[in-house]
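Before any comments, here is the structure.
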Amino acid sequence: PLGLGHAIWCARDIVGDEPFAVLLADDLILSDKPVLSEMIEKFDRFRASIAAVMEVEKTETDRYGILKAQQLEDYVLKIEDMVEKPKPEDAPSNLAIIGRYILTPKIFHYLEKAQHGANGEIQLTDAMQALMNEQPVFGYRFKGTRFDCGDKVGFQMANIAFALERPDMRDRLLKFIKKVENNHLK
Ligand code: G1P
């Protein structure tokens, strides 16, 4: 309840002194290759923390951790600054963190000292921002479609998209969707 940063900090004894992944289950991603496995590959090369990122509507920056970053190579950004839930007029860009992270255990040092940030919560973004003073942090622009399952419409979209990927469900579901679209239910 104290925020994402606090939730992660609570897992410190289970994680120990090793890099670890954080997955926010309300961010569901449809992709050919699992985003986290792509990020593990990048981690193995850079040996530094990395978060999934994507562009969001400029009007919606106050729902995300937002980055200032430089492109390093295809799909990889070097993060220079990050801020949790900035108003559109204060946002350094429209590049947002999405709920996949690989973090070095050093993050616990900063979560330990974390102050209450945006929305009064202990924010992972603030701890990552502090971590950047001593270790680089990267962003991974993943390939795929992300669904915000914390939003009612996003949750329904995810159900439809994932179901349509399944050959055993696709045809029946498509027929139904067309029927609904043409108002033939009542
Ligand atoms: C959390 C993070 C935020 C990130 C978002 C992605 O926010 O704090 O930095 O951009 O997940 O979904 P929440 O959705 O918990 O408000």
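Both ligands and their constituent atoms are indexed starting at 1 by order of listing. Computed from heavy atoms alone, side chains included, the values below leave out hydrogens, waters and symmetry copies.
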Minimum distance, heavy atoms only, to atom 16 (O) of ligand 1: which one of Met128, Arg146, Glu121, Lys85 is it? Lys85

Ligand 1 versus Leu24, non-hydrogen atoms closer than 4.0 Å: side chain, backbone, both, neither? side chain

Partner set under ring-ring contact (aromatic ring centres under 6.0 Å, His included) for Phe147, not counting sequence neighbours: none

For ligand 1, which atoms have a heavy atom of Thr125 less than 4.0 angstrom away? 9 (O)

Are the charged groups of Lys78 and Glu73 less than 4.0 angstrom apart, N to O? no

Any non-hydrogen protein atom less than 4.0 Å away from atom 10 (O) of ligand 1: yes

Any atom of ligand 1 sitting under 4.0 Å from a heavy atom of Asp27? yes

Regarding ligand 1, does Tyr64 bring an N or O atom to under 3.5 Å of one of the ligand's N or O atoms? no

Is there a donor in the side chain of Gln135 and an acceptor in the side chain of Thr104, or the other way round, less than 3.5 Å apart? yes

Is the distance from the ring center of Phe20 to that of Phe108 below 6.0 Å? yes

Output the list of atoms in ligand 1 that are nearer than 4.0 Å to some heavy atom of Gly65, sorted by atom number. 3 (C), 4 (C), 9 (O), 10 (O)

salt_bridge(Asp148, Arg63) N-O dist < 4.0 Å: yes

Is there at least one pair of N or O atoms, one from Ile97 and one from ligand 1, spaced under 3.5 Å apart? yes

So, regarding Leu4 and ligand 1 (criterion: nitrogen or oxygen to nitrogen or oxygen, under 3.5 Å), is there a contact or not? no

One finds that the ligand 1 atoms under 4.0 Å from a non-hydrogen atom of Gln123 are 8 (O)

For Glu80, give me all partners under side chain to side chain donor-acceptor pair (under 3.5 Å), at least two apart in sequence or on another chain. Lys68

To the nearest 0.1 Å, how far is atom 2 (C) of ligand 1 from its closest protein heavy atom, and which atom is that? Glu84 OE2, 3.6 Å

Test: Lys87 and Asp62 ion pair at under 4.0 Å: no

Looking only at heavy atoms, which two atoms of Asp126 and Gly117 are closest? And how far apart? OD2-CA, 3.7 Å

